[in-house]
Engineer: 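Dropping the structure in here first, questions after.
So that the names make sense, note that chain A is the first sequence line, chain B the second, and so on, each numbered from 1.
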Amino acid sequence: MNYPIILMILGMAIVTYIPRALPAAVIHRLKFSPKVEKFLRLIPYTAMAALIFPGVITVDASRPEIGIVGGTVAGILAWLRCPVIVCVVAAIATDMLIYAAL
Amino acid sequence: MNRHFLSGMKASIPACLGVVVVGISIGLLAMQAGLSRFETILMSAMVMAGSSQLMAIGMITQGASLYAIILGTFFINLRHVVMSSSVMQRLKGTTLLQRLVGAFALCDESFAIYSLSNDPSYYFLLGSNTALYVSFVLSTFIGTLMTGLLPKIVVDSFGIAIYAAFLGLLLPSVRKSAQLVILVVITALINWFLQCFIPKSWSVILAMILGAFIGVFLVDDETISTEPSTDLKEEKETESSEGVGSI
């Protein structure tokens with residue numbers, strides 16, 4: 001990181017508050033077409049998708065299996081609706097085993 | 001007033017449980033990514049939008065620039081404008097200051113809870129927001145305390161954690177729809193392709209916008225409904241309120 005984290009937090013807070021506050025200020029005047037609404041609601045899904053792949057393969061750049069196996073374990077648990085924290089702990093445990101064994 | 005505030009808080013208790021899990025993950029992962037305890041808690045207290053905070057933490061570990069992180073946050077949280085405008089329509093007879101305060105901690109959960117309640121009072125919304133906000137910030141703090149307890153061998157394997165958190169948020173909310181699964185795969189492939197030509201953090205932003213644009217045509221309207229009712233019904237069935245659609 002070659003920038004102050006405080007600056008990042010401030011920037012994030014501002015760009016997050018603006019969409020929340022805008023309708024409070026200009027009440028009655030904001031209308032969205034169904035397509036625009038759908039686009040906005042899809043962004044969190046596509047953002048997570050882009051963040052996961054292909055980044056997950058490069059968790060350990062010299063050993064792609066660390067990301068692939070750990071990611072697969074987390075993915076299966078997530079698919080079975082396990083809580084986020086369970087997916088995280090299981091993936092870490094899996095990678096610990098791989099590092100310890102190989 | 002107090003009665004509305006309390007019933008808003010009460011109505012939010014089930015959703016708080018989901019928020020707490022996300023908060024703990026954020027506390028843990030942010031510290032691991034190199035943020036201080038103060039910065040981690042400040043982020044939750046000022047941003048109060050879980051998926052964007054996890055995204056920022058992930059982008060830090062991927063070496064993204066400040067501008068990329070802020071732009072990505074803007075896009076991922078832009079959906080709040082839709083929820084906020086629906087909530088604000090119901091808040092007749094409030095002052096601008098009251099509405100601006102009500103907008104601060106407005107999130108997917110408080111939007112759903114307020115929209116479904118038959119109590120349109122401003123203080124109901126405020127009670128709901130407060131319960132969710134306090135759970136989120138407190139659980140972030142608890143998450144930051146947990147990092148100190150981890151032995152070195154765990155820390156060495158921590159690289160996978162942020163990806164496990166992304167998967168844990170994403171997959172439970174896409175498994176209900178094959179179209180969403182396909183969209184997620186397409187977006188990942190777009191990102192993979194773009195990374196051959198542009199820096200990683202910008203390809204993520206471009207891929208998420210392109211993906212959402214494709215999704216407008218690929219995914220049925222009912223799958224991504226603005227009506228909160230279906231979401232909450234499903235939450236009651238599964239006893240879970242986590243997911244990208246939330247917070």
Engineer: What part of A:Phe32 lies closer than 4.5 angstrom to a heavy atom of chain B: side chain, backbone, both or neither?
Structural biologist: side chain
Engineer: Give the table of side-chain donor-acceptor pairs shorter than 3.5 Å for residues 203-211 of chain B, with sequence neighbours excluded, one pair per line with atom names and distance.
Structural biologist:
residue: B:Ser203; atom: OG; partner: B:Asn191; partner atom: OD1; Å: 2.8
residue: B:Ser203; atom: OG; partner: B:Lys200; partner atom: O; Å: 2.8

Engineer: Given B:Val174, which of B:Val181, B:Thr223, B:Ile182 fulfils the side-chain contact (heavy atoms from CB on, under 4.5 Å) condition?
Structural biologist: B:Val181
Engineer: Is chain A contacted by the side chain of B:Leu96, its backbone, both, or neither, given a heavy-atom distance below 4.5 Å?
Structural biologist: side chain
Engineer: Go through A:Ala50, A:Ala90, A:Cys87, A:Ala74 and name the one with the most non-hydrogen pairs under 4.5 angstrom from chain B.
Structural biologist: A:Ala50
Engineer: Among A:Ile43, A:Ile66, A:Leu10, A:Val36, which residue forms the greatest number of heavy-atom pairs with chain B at distances under 4.5 Å?
Structural biologist: A:Ile43
Engineer: Using a 4.5 angstrom heavy-atom cutoff, name the option from A:Pro34, A:Ala47, A:Gly71, A:Pro19 with the most pairs to chain B.
Structural biologist: A:Pro19
Engineer: If we define contacts as heavy-atom pairs under 4.5 Å, which of A:Ala13, A:Gly75, A:Ala78, A:Ala21 has the most with chain B?
Structural biologist: A:Ala78
Engineer: Strictly by side-chain hydrogen bond (donor to acceptor under 3.5 Å, both in side chains), give each pair with a member in residues 51-67 of chain A just once, sequence neighbours left out.
Structural biologist: A:Asp60-A:Ser62, A:Asp60-A:Tyr99, A:Arg63-A:Glu65
Engineer: Report the option among A:Gly55, A:Ala100, A:Ala93 that has the most heavy-atom pairs separated by less than 4.5 Å from atoms of chain B.
Structural biologist: A:Gly55
Engineer: Do you know which of A:Gly70, A:Gly11, A:Pro54, A:Gly67 has the most heavy-atom pairs under 4.5 Å to chain B?
Structural biologist: A:Pro54
Engineer: Any side-chain heavy-atom pair from B:Val87 and B:Leu106 closer than 4.5 angstrom?
Structural biologist: yes
Engineer: Just verifying a value: how many Å separate A:Ile9 CD1 and B:Ile69 CD1, rounded to the nearest 0.5 Å?
Structural biologist: 10.5 Å
